Amino acid sequence: MQDKYIPADIERAAQQHWGQTGAARAVEDHAKPKYYCLSMFPYPSGKLHMGHVRNYTIGDVLSRFHAMQGYNVLQPMGWDAFGMPAENAALANNVAPAGWTYSNIGYMKQQLQSLGFAIDWQREFATCAPEYYRWEQWLFTRLYAKGLVYKKLGTVNWDPVDHTVLANEQVIDGRGWRSGALIEKREIPMYYMKITAYAEDLLAELDNLNGWPEQVRLMQKNWIGKSTGVRFAFPYELDGRQEKLWVFTTRADTIMGVTFVAVAAEHPLATRAAQDNPELAAFITECKQGGVAEADLATMEKKGLPTGLFVTHPLTGERVEVWVGNYVLMSYGDGAVMAVPAHDERDFAFAQKYQLPIKQVIAADGETFSLDGWQEWYGDKSRGACVNSGRYDGLAYAAAVDAVATDLAAKGLGEKKTQFRLRDWGISRQRYWGCPIPIIHCPSCGDVPVPDEQLPVVLPENVEITGAGSPLAKMPEFYECRCPKCGGNARRETDTLDTFFESSWYFLRYACPDNATAMVDERVGYWCKGGIDQYIGGIEHAILHLLYSRFFTKLMRDVGLIGDLGEPFANLLTQGMVVAPTFYREGENGKKLWINPADVDVVTDERGRPTGATLKADGQPVTIGGTEKMAKSKNNGVDPQALIDQYGADTARLFIMFAAPPDQSLEWSDAGVEGAFRFLRRLWKLVHDHVQAGLVTACTNNDGLSAAQADLRRKLHQTMGKVADDYGRRKQFNTAIAAVMELLNAYDKTHLTDAAGRALAQEVLESAVLLLFPIVPHIGQALYGELKPGSDACRAAFPKVDPAALKQDEIELVVQVNGKLRGAIRVPADADKAAIEAAALANPEAQKFMDGKPAKKVVVVPGRLVNIVV
RNA sequence: GCCGGGGUGGCGGAAUCGGUAGACGCAGCGGAUUCAAAAUCCGCCGCCGCAAGGUGUAAGGGUUCGAGUCCCUUUCCCGGCACCA
């Protein structure tokens with residue numbers, strides 16, 4: 001056996017061995033329980049980042065652990081290959097998006113392989129391949145036929161200089177990222193998926209997702225946002241016609257406090273009023289400035305302007321003024337809201353700003369209403385009852401809502417309604433590098449889906465990217481076509497699909513990536529039965545990707561593609577972000593140039609806090625930004641390759657698993673990598689020294705062991721139990737590693753040179769190597785082969801606890817006086833409460849702090865402590 | 001702004017069901033080994049205090065025999081907000 005741990009050699013050998021034995025190949029086998037372990041597939045951005053290493057190491061640990069437990073494991077990998085960065089790279093470096101993407105895939109695949117993940121590479125695919133995306137085009141046409149895909153106007157960010165639609169990410173402080181132009185909202189026709197038709201289902205099934213973190217279920221629940229309220233109308237007469245202005249409210253109990261209504265700038269009433277009101281027209285134009293991101297809309301200053309139009313209060317008959325408010329969203333509900341300034345915080349601020357009337361209609365016991373400032377209780381529907389509300393006076397929330405709804409219904413002006421915050425999913429993108437939408441626009445037949453025999457609509461790969469408009473719209477050879485229905489000249493849709501489309505079903509395709517005649521087949525039934533056993537990915541996907549994937553599973557069920565699989569992901573582990581500091585300098589026109597942390601020296605004060613930073617290249621200061629998730633856009637990614645090259649894959653894997661529990665965000669620092677490497681070298685040396693002294697048969701019971709040796713064997717079997725629990729139930733790997741470190745510390749301190757000790761040493765080392773094998777498989781493969789010549793760690797079972805080894809005659813209990821730790825006692829493991837109490841009271845340390853006073857109470861916590869209260 | 005999560009030594013973190021705060025590791029300090037260095041090994045290591053002891057889990061309050069853990073308030077940081085993936 002080599003006396004030195006040389007990672008490069010053993011990692012090459014181990015990977016070669018796994019390749020030759022097909023160790024990671026997954027084949028359907030009904031004799032074994034299956035374990036489908038899925039990690040979110042990467043976007044091929046160029047090279048792996050730390051988040052990938054973390055994500056895929058977690059997946060590999062769980063895969064290998066379950067394989068050792070006897071499961072038939074599938075761990076696939078692929079590429080989420082469509083997306084905006086490829087177009088940006090094309091612009092910046094004058095390379096074709098396809099070529100750029102495929103070369104990134106090549107590099108990143110080799111990086112993943114060098115990390116030794118047990119991935120079944122035969123199932124690999126990239127979503128930009130026509131063999132993949134043809135099936136989503138096929139599905140699109142089915143959904144279109146069912147009305148689950150439809151067309152309507154949607155609002156986008158429009159760059160008036162580059163004449164192009166921008167993503168929210170490309171709008172910075174209201175300006176286009178390249179042109180610097182002020183962004184405008186623009187309405188264009190887009191295709192939408194009717195996810196709202198499944199809102200009730202998507203909400204209800206959250207309750208059954210016991211394998212999901214509570215926080216993710218809660219976020220999805222709030223995102224779907226079911227609320228029950230009342231949809232009702234304010235009648236009005238305009239241009240000689242009787243009309244109705246519809247609004248939705250969850251606070252119908254406050255309807256008598258309505259002092260104005262507010263509509264969105266895009267609302268037809270606002271458009272009509274602006275016709276003869278130049279000031280209002282100017283305000284509406286102003287409202288159209290800026291991007292469409294909700295965070296921007298919600299944080300901007302609330303502004304409004306009266307339209308000069310009035311509507312009639314449906315219950316009081318009073319005239320109510322209509323305002324245009326920049327905070328009212330056309331996309332939510334009817335694009336109009338009733339305003340009750342007394343009982344809605346936003347309306348309160350708005351009314352104060354514009355001196356609009358505020359009418360109190362709810363009173364709570366012991367509280368005084370005042371216009372001096374907003375108080376929490378004004379808007380609390382769980383408190384108080386109606387006042388100043390005529391026949392509703394004295395009614396509390398629920399009763400008042402019922403009474404108001406009944407009265408509105410009697411007048412034909414409203415009814416109770418369930419509303420969702422969830423909106424339909426806009427899937428059209430005015431971009432090149434995506435899956436073409438399979439629609440043909442015919443002047444006489446309208447929108448016609450592309451027939452199956454003409455699928456796939458292949459995305460041309462050699463195009464010129466200019467950053468202004470979609471390249472496809474400039475390619476007649478792409479868009480000129482014949483109508484499938486009438487055969488006349490027609491134009492192909494040039495928009496592409498949102499890339500979330502690809503990632504909403506890829507996990508099913510892994511079961512049957514080679515099927516050229518169908519989207520999915522019966523193998524999905526084997527691997528996905530009861531849901532994918534473990535899904536692992538970043539917490540940033542907690543809402544959109546996971547919700548869309550759940551939605552797609554239901555769509556595919558309803559199109560008859562798969563049986564009722566239920567939810568796609570039975571167990572979900574949301575890993576925390578790998579975050580790193582950001583650094584930048586401001587270029588011309590205030591544009592931020594992001595600088596990689598590796599190129600920066602941070603200056604800290606004596607307490608270790610950063611006080612400034614300089615660029616290594618020129619020694620000049622750079623600005624310190626926030627600590628954010630590692631991302632290309634902020635250039636704060638740390639390349640794991642240097643780590644792998646210097647220390648090997650096992651050290652990289654061990655270090656990132658040891659640094660923090662998986663669901664916690666991890667602030668990147670490479671301090672401590674050395675320690676991970678040192679631990680592996682120490683493990684190597686322990687095994688080496690033992691092997692040099694001669695292999696023996698591992699001990700299987702406590703016969704002949706000294707007391708100290710029995711302690712070590714107990715520690716070993718406790719550790720086995722702890723590590724299995726950490727891997728299997730808790731999914732907390734840092735504590736599993738710490739437990740094995742403790743075990744080896746104890747091993748070092750125990751005298752093991754006699755025959756019984758040597759057998760115990762063999763047992764400890766064999767077990768420790770297998771306990772760590774899921775995390776550091778290369779060194780595990782090598783060391784297990786040395787400890788048991790001719791064996792293969794890949795086929796070894798996970799160590800099993802011997803209950804006999806855990807037995808203990810005497811235990812130690814802590815003694816507290818008034819909750820403060822004062823001493824310790826040793827008692828027989830089976831001592832009863834009275835005996836423990838007596839021993840604790842007799843403890844000299846305890847007596848000292850009892851100060852001669854009698855015990856008022858003695859609390860005995862079995863196996864832990866005794867608390868004496870005086 | 002709204003929704004979700006988090007804050008524990010110099011640092012990463014542990015404490016799993018309300019029961020010994022700081023496991024394990026990093027950094028640091030002292031020592032052994034060495035011609036020297038690297039590597040390795042042994043010891044120390046929250047803060048105050050000579051010690052006895054006191055004190056300490058973002059801040060403030062509460063519940064409890066007992067609170068890092070439960071409740072309330074405040075504060076800072078992170079993720080998401082529908083066209084980044």
Side-chain angles (χ1 to χ4, degrees), chain A residues 40 42-43 45 80 83-85 154 156-157 165-171 213-216 218-219 221-223 225 291-300 302 327 331 346 421-431 498-500 503 538-545 547-548 574 576-577 579 606-608 626-629 631-633 655 658-661 663-667 669 671-676 678-679 681-682 685 722 725-726 729-730 732 734-735 737-742 745 748 812-816 818-821 824 856-859 861 863-865 867-869:
Chain A
M40 288 182 186
Y43 176 78
S45 55
D80 186 14
M84 218 170 51
V156 295
N157 303 304
V165 176
L166 296 185
N168 285 336
E169 195 194 42
Q170 298 171 310
V171 179
E214 188 53 41
Q215 53 154 316
V216 177
L218 192 56
M219 279 191 267
K221 184 182 172 205
N222 291 337
W223 183 262
V292 298
E294 194 191 301
D296 296 334
L297 296 172
T299 48
M300 71 188 176
K302 310 284 176 284
Y327 62 94
S331 52
R346 201 168 51 178
R421 203 188 77 96
L422 183 69
R423 307 196 297 255
D424 275 342
W425 172 18
I427 49 175
S428 293
R429 296 292 179 271
Q430 298 69 46
R431 273 193 270 285
D498 179 5
T499 58
F500 273 122
S503 55
I539 182 71
E540 70 272 26
H541 294 293
I543 296 176
L544 292 179
H545 162 62
L547 189 65
Y548 292 151
T574 46
M577 219 75 55
V579 296
E606 70 279 3
R607 295 180 62 184
T627 300
E628 296 183 60
K629 79 165 167 172
K632 248 196 158 173
S633 60
F655 174 62
F658 188 55
D663 54 354
Q664 216 165 94
S665 75
L666 171 64
E667 194 166 332
S669 151
V673 174
E674 191 73 42
R678 221 157 27 214
F679 174 71
R681 194 163 53 196
R682 178 172 165 225
K685 186 172 182 303
K722 161 133 188 88
D725 188 47
D726 278 351
R729 179 182 63 93
R730 299 180 70 205
Q732 187 157 316
N734 55 334
T735 48
I737 296 164
V740 179
M741 286 174 168
E742 276 188 69
N745 289 346
D748 254 349
E812 193 179 80
L813 293 181
V814 155
V815 181
Q816 295 181 337
N818 288 336
K820 283 199 162 63
L821 173 66
K856 275 194 227 151
K857 186 175 175 183
V858 180
V859 182
V861 184
R864 292 231 175 233
L865 57 73
N867 187 16
I868 302 166
V869 186

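Each chain gets a letter, A, B and so on, in the order its sequence line appears, and its residues count up from 1. Since this is a predicted model, take the numbers as computed values, not measurements.
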Indicate, with a heavy-atom threshold strictly under 4.0 Å, whether [X] touches base, sugar-phosphate, or nothing.
X	result
A:R864	sugar-phosphate
A:G225	nothing
A:V869	sugar-phosphate
A:P42	nothing
A:L865	base
A:S428	base
A:I737	nothing
A:D725	base
A:K685	nothing
A:A824	nothing
A:F658	base
A:F500	base
A:H545	nothing
A:A542	nothing

Residue [X], side-chain atoms from C-beta onward, closest of [options]:
X	options	value
A:A295	B:C65, B:U55, B:C81	B:C81
A:W425	B:G25, B:G1, B:C83	B:C83
A:L544	B:C83, B:C81, B:U20	B:C81
A:N157	B:C24, B:A85, B:C83	B:C83
A:E169	B:C84, B:G4, B:G79	B:C84
A:P85	B:C81, B:C84, B:G19	B:C84
A:Q732	B:A14, B:A82, B:G66	B:A14
A:Q215	B:G4, B:C24, B:A82	B:G4

Under 3.5 Å, is there a donor-acceptor pair between the side chain of [X] and the main chain of [Y]?
X	Y	value
A:D725	A:R730	no
A:R421	A:W223	yes
A:N157	A:L166	yes
A:Q664	A:P661	no

* How do A:A167 and A:D748 order along RNA chain B: which one's closest nucleotide is nearer the 5' end? -> A:D748
* Asked: More 5' along RNA chain B: A:A298 or A:R678, using each one's nearest nucleotide?
  -> A:A298
* Any N/O donor-acceptor pair, A:E674 side-chain to B:C26 base, under 3.5 Å -> no
* Asked: For the base of B:U16, is there a side-chain donor-acceptor partner from A:K722 under 3.5 Å away?
  -> yes
Report the distance from atom [atom1] of [X] to atom [atom2] of [N], rounded to the nearest whole Å.
X	N	atom1	atom2	result
A:I539	B:G6	CD1	P	10 Å
A:Y43	B:C84	OH	C1'	10 Å
A:Q664	B:G4	CD	P	20 Å
A:E294	B:G79	CD	P	18 Å

Just to confirm, is there a sub-4.0 Å distance from OP1 or OP2 of [N] to any side-chain nitrogen or oxygen of [X]?
X	N	answer
A:R423	B:A82	no
A:Q816	B:G19	no
A:R730	B:A15	yes
A:T499	B:A85	yes
A:N222	B:C81	no
A:N168	B:C81	no
A:R682	B:C24	no
A:R681	B:U40	yes

* Can A:D80 and A:S503 be said to form a side-chain hydrogen bond (donor to acceptor under 3.5 Å, both in side chains), step by step? -> CA-CA 7 Å; A:D80 186 14; A:S503 55; 4.7 Å; no
* To do: Over all heavy atoms of both residues, which pair between A:A676 and A:F655 is shortest? Give the atoms and the distance, please.
  => CB-CB, 3.9 Å
* Asked: What stems, by residue range, does RNA chain B take part in, given at least 3 consecutive Watson-Crick or G-U pairs under 3.5 Å?
  -> B:1-7 with B:75-81, B:10-12 with B:24-26, B:28-32 with B:40-44, B:46-48 with B:53-55, B:58-62 with B:70-74
